[in-house]
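Below is one structure; the comments refer to it alone.
Keep in mind that what you see is a predicted model, and the values were worked out from it rather than measured. Protein chains get the first letters and strands the later ones, always in sequence-line order, with residue 1 at the start of each.
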Protein chains: 2
Amino acid sequence: MTSSVPQAPALLSRAGLRDVARRAGVSTATVSRVLNGSAAVRDDKRRAVQRACDELGYVLNAAARTLSSRRSMTIGAVVPTLATETFSRPLAAFQQTVHKAGYTLLVASFGFDEQVELKEVQTLLEHGVDALMVVGRTHDPKMWQLIERKRIPCVQAWTQDQERPSVGFDNVAVSRRMVEHLLDLGHRRFAMLVNEPHFNDRVGDRVIGTRARLAEAGLEIPAHWFMETTLSLEHGIAAMQHLMRGPERPSAVICANDLLAFGALLAARTLGVRVPEDVSVVGFNDFDYARHLSPPLTTTRVELEEIGANAGAYLLEALAGKPPKGPIEVTTELVVRGSSGPAPGFYG
Amino acid sequence: MTSSVPQAPALLSRAGLRDVARRAGVSTATVSRVLNGSAAVRDDKRRAVQRACDELGYVLNAAARTLSSRRSMTIGAVVPTLATETFSRPLAAFQQTVHKAGYTLLVASFGFDEQVELKEVQTLLEHGVDALMVVGRTHDPKMWQLIERKRIPCVQAWTQDQERPSVGFDNVAVSRRMVEHLLDLGHRRFAMLVNEPHFNDRVGDRVIGTRARLAEAGLEIPAHWFMETTLSLEHGIAAMQHLMRGPERPSAVICANDLLAFGALLAARTLGVRVPEDVSVVGFNDFDYARHLSPPLTTTRVELEEIGANAGAYLLEALAGKPPKGPIEVTTELVVRGSSGPAPGFYG
DNA sequence: AGGGCCGATGTAACCGGTTTCATCACAGCG
DNA sequence: CGCTGTGATGAAACCGGTTACATCGGCCCT
C-alpha cells in the first residue's frame, strides 16, 4: 500500500475553519466572527483571516453552520408546478426578494396532490428552512402541525385568508366583478371554462364567486356548460369547440385563465363564431398577449410579480421579528377590451 | 422567575434521535439504521423505533445528517431566470426527475450576470449540493475551480459542449438548418431579431450559425437589421415595427424566440404587411401557440422538458457512479408552417 | 497605585445526526 | 461440549461550524 503519501488539504477544498484559524494564527472563534461580522475583531486579524481564506480556497460548510446556529438561511417554497407562468413568474420575484436578504431558495412542487404537498413540506422542514411559502389556503391539517412545531413563519400566496398570513386577492370578489360586467352587457346564458383541478382553491373560489353573483341575478351555469379541462391552449380550443357545437350556445364564456380564453378565441375563429357579436369571451390574468389577441381580450389583470415579492417581503419581516399582518392584498383590475360586448339582441 | 416549569420536549418537535432511541429502548445507531434502511435491524426493534418516531413527532434534521454523512440529498440548479418558459419548463422536469430519486432542488437565478452566477454557485456549494445543473457553456473559470474542488457532478444544460457534460442541442447547426430553409425559398435580405443579452451563449450560437450559413451563400445581415431586444411580446412588436418602417425591408425576419416572432406577426398585421407574401417570419422553440398564430409560425421545435429530464437523469447516473457520457442531444425539428414562404418575386 | 470596566480573544461544549469498530448472542459444526 | 462464524447491536468518535463563558490586557477614574 502506497496510500500513506500525505495530501495537502487545500487541494481538495477540504480546508475547514480550523485550518483557516491555524494559518491566520487565531482561534476558530475569531474566524467565525470575521465570517459573520457578528462581533468586533481587530483589523489586522480580520485581514489575516480573509487572506487565509483566500489562500486555502476555504468554502464554508452550511450544514455545520445550520446545525450549530439553528438557522439555515434558506427559505422554502412549495408550488403546484413550476411549468406555468402563474407560478413561475411570482416565484421568480419571490426568489429575488429573499435572495437580497441572503436567503437561498429551496423549491418543491407537488403537482396539485395534497398528500405530495404534505410530504414536500416535511422535506423542506427537515432541511431546516427558516420560512416557508405555500400556495393557496387549503392544505392537509397535518401540514400546519408540522409547521407550527417548527415555529417558522409561513405565508400562503395566491390567496386571501383570515386565519393565517396570506398574500393575494379575493378570488370570489374578483370573479363577481367580472360577472357584473357581463350582466351589465345583457348576458344571461353563461358558460364557464376552468382549468383542473377543481380542488384548487384559487379556481374554486372563482367558480364560487361567479356562481354566487349569477345566482343573485337568478341565473346559473348549466352543467353541460361548465367545463373543466387541462390548462393548455389545445384544451381551451377543444372545450370551446364543444361549447359552440351544442344545440344552444352560451352568450358569454368565462375562462379561468387567459390561456384558455386564447384557445377559445382561436376556436371561435375557426368555427366562424364572431366575438363579441355572437359570443363574449373573457379571461383571467392579463398575460402579455391578452391585449394583442383578436379581438383583444377582456380579462382581470393580476400583478403576478407582486404576489411573489410581497410574500417574500412578508417572510423577511416575520424573520426579523415584526408582528404578523393581516392578509396582504395584491392589485387586480378589470380590464375591458374587445372580446366582451353586448349580448346578442341586447340594447343596453 | 417561573421559567423552571419543565416542557415536554415532544411539544416543540425538539425530539432528537437520542430521544427516539431512549423511548424505543435502543441505541442511536439502531435508530439511524432504521431511518436509512442501511443495515438489517430485527423486526421488533424496527417497529419500536417507528412507533417512537410517530409518538414523538420526530422530524429529521437534515443539517446534522448532511454534516455527518457528507451528502445533502439536494441538487442545485442555477438558471438565468425562472420567469420565462424556456427555463421554467425544463426546470420543472428537472425537479421531478431528481425528486423521484429523493433529491430536493435548490434554485438560484442570476439574471444573466456571470458574476452573480459565480456567487450563486458558491452559495449552492456551501449548502452542500450533491450535484449541480448550470445553463450554457460560458462561465467564469473560477466557477469550474469551485466545482472541481468539491468533486461533484455538474451538467451544462441548454447547450452542447465537448469538454464537459452537457444536455442540449447544437444551436449553430439548428440555426443553419433554418437559414437553409429560407434560402431555398429564395430569400436574400435577412433581418434577425434576438433577445438580450448577446453574451448568452445559446442565442449567441444561433447568431453564429445564422451568419455562417448566410456567409456561405455570400450574404450577411446588415447591422441595422440585426436587432437585440428584451424578450417580451411588446419588444417583439416594437422591433418589427422598426424593421418594417425602414426605407428597405428584409424579406425574412429570423427571430430567436417564438415570443418575439409572435410580436413580429402582430406588428406586421397592424402595419398591413402580409406574411408570408411580403415578409417571412420564423421563430424558435415551437411554443404551444406557434401553430395557432396567423399565419401559423414556422419555427424549430425544441423538447424543453427533455432538457430538464435528461439533465436530471444524467446527474443521477453520475451520482450513482456511472461513467460520464459525451454530450447528450435533445430533439429538435424544423417545423415549416405558413409564416415562411417564397421571397417576393421568387418562383423556385 | 489599585479597582473596575470594557473590548478583543481563546477554550471548549454543543448542535444532531452517521459510522466505525468492538461486542455479544446464537447457530452450526467438528 | 467447545469453537467459530455471522448478524444484530451499542458505545463513542466524528462531521465543521457557533457561541457561552473565561480570560486577558489596557484604559479610565479616584
- To the nearest Å, how far apart are Leu17(A) CG and dG10(C) P? 12 Å
- Query: Will you find, in the side chains of His139(A) and Glu117(A), an N or O donor that is under 3.5 Å from an N or O acceptor?
  - Reply: yes
- Task: Using modelled atom types only, decide if a donor and an acceptor are shared between the side chain of Ser109(A) and the backbone of Gly111(A) within a distance under 3.5 Å.
- Result: no
- Note on the structure: Rounded to whole Å, the CZ-P distance (Arg18(B) to dA13(D)) equals 12 Å
- For the pair made of CD in Glu126(B) and P in dG16(D), what is the distance, rounded to whole Å? 15 Å
- Query: Do Arg164(A) and Glu148(A) meet the salt-bridge criterion of a basic N to acidic O distance under 4.0 Å?
  - Reply: yes
- Query: Side chains of Arg23(B) and Leu56(B): does their closest heavy-atom pair fall under 4.5 Å?
  - Reply: yes
- Just how far is it from atom CD of Glu120(B) to atom CG of Leu125(B), taken to the nearest 0.5 Å? 11.0 Å
- Message: Rounded to whole Å, how long is the line connecting atom OH of Tyr58(A) with atom P of dG16(D)?
- Response: 10 Å
- Query: Taking atom P of dT19(D) as reference, at what distance in whole Å does atom CZ of Arg71(A) sit?
  - Reply: 9 Å
- Query: Under 3.5 Å, is there an N or O donor on one side and an acceptor on the other linking the side chain of Arg65(A) and the base of dG16(D)?
  - Reply: no
- Between CZ of Arg70(B) and C1' of dC15(D) the distance, given in whole Å, is 6 Å
Under 3.5 Å, side-chain donor or acceptor atoms of residues 304-319 of chain A against the rest of the protein: list the pairs with distances, not counting sequence neighbours.
| residue | atom | partner | partner atom | Å |
| --- | --- | --- | --- | --- |
| Glu305(A) | OE1 | Arg89(A) | NH2 | 3.0 |
| Glu305(A) | OE2 | Arg89(A) | NE | 2.9 |
| Glu306(A) | OE1 | Thr331(A) | OG1 | 3.1 |
| Glu306(A) | OE2 | Thr331(A) | N | 3.4 |
| Glu306(A) | OE2 | Thr331(A) | OG1 | 3.2 |

Polar pairs (N or O, both sides) under 3.5 Å between protein and nucleotides 22-28 of chain D?
none

- Message: With heavy-atom distances below 4.5 Å as the criterion, would you say the side chains of Gln115(B) and Asp140(B) are in contact?
- Response: yes
- Going by heavy atoms closer than 4.0 Å, what residues in residues 28-42 of chain A are next to DNA chain C? Thr28(A), Ala29(A), Thr30(A), Arg33(A), Ala40(A), Val41(A), Arg42(A)
- Query: Does any non-hydrogen side-chain atom of Tyr58(A) lie less than 4.5 Å from one of Leu35(A)?
  - Reply: yes
- Query: According to a strict under-4.0 Å criterion, is Ser68(A) in side-chain N/O contact with OP1 or OP2 of dG17(D)?
  - Reply: no
- Atom-to-atom span, CG of Asn61(B) to C1' of dG17(D) - whole angstrom: 13 Å
- Before giving the answer on salt bridge (charged side-chain N to carboxylate O under 4.0 Å, His left out), spell out for Asp43(A) and Arg47(A) the whole-Å C-alpha distance, their side-chain angles and the decisive distance to 0.1 Å. CA-CA 6 Å; Asp43(A) 226 44; Arg47(A) 272 195 292 270; 2.9 Å; yes
- Note on the structure: note: Asp44(B), atom CG; dT9(D), atom C1'; distance rounded to Å ~ 12 Å
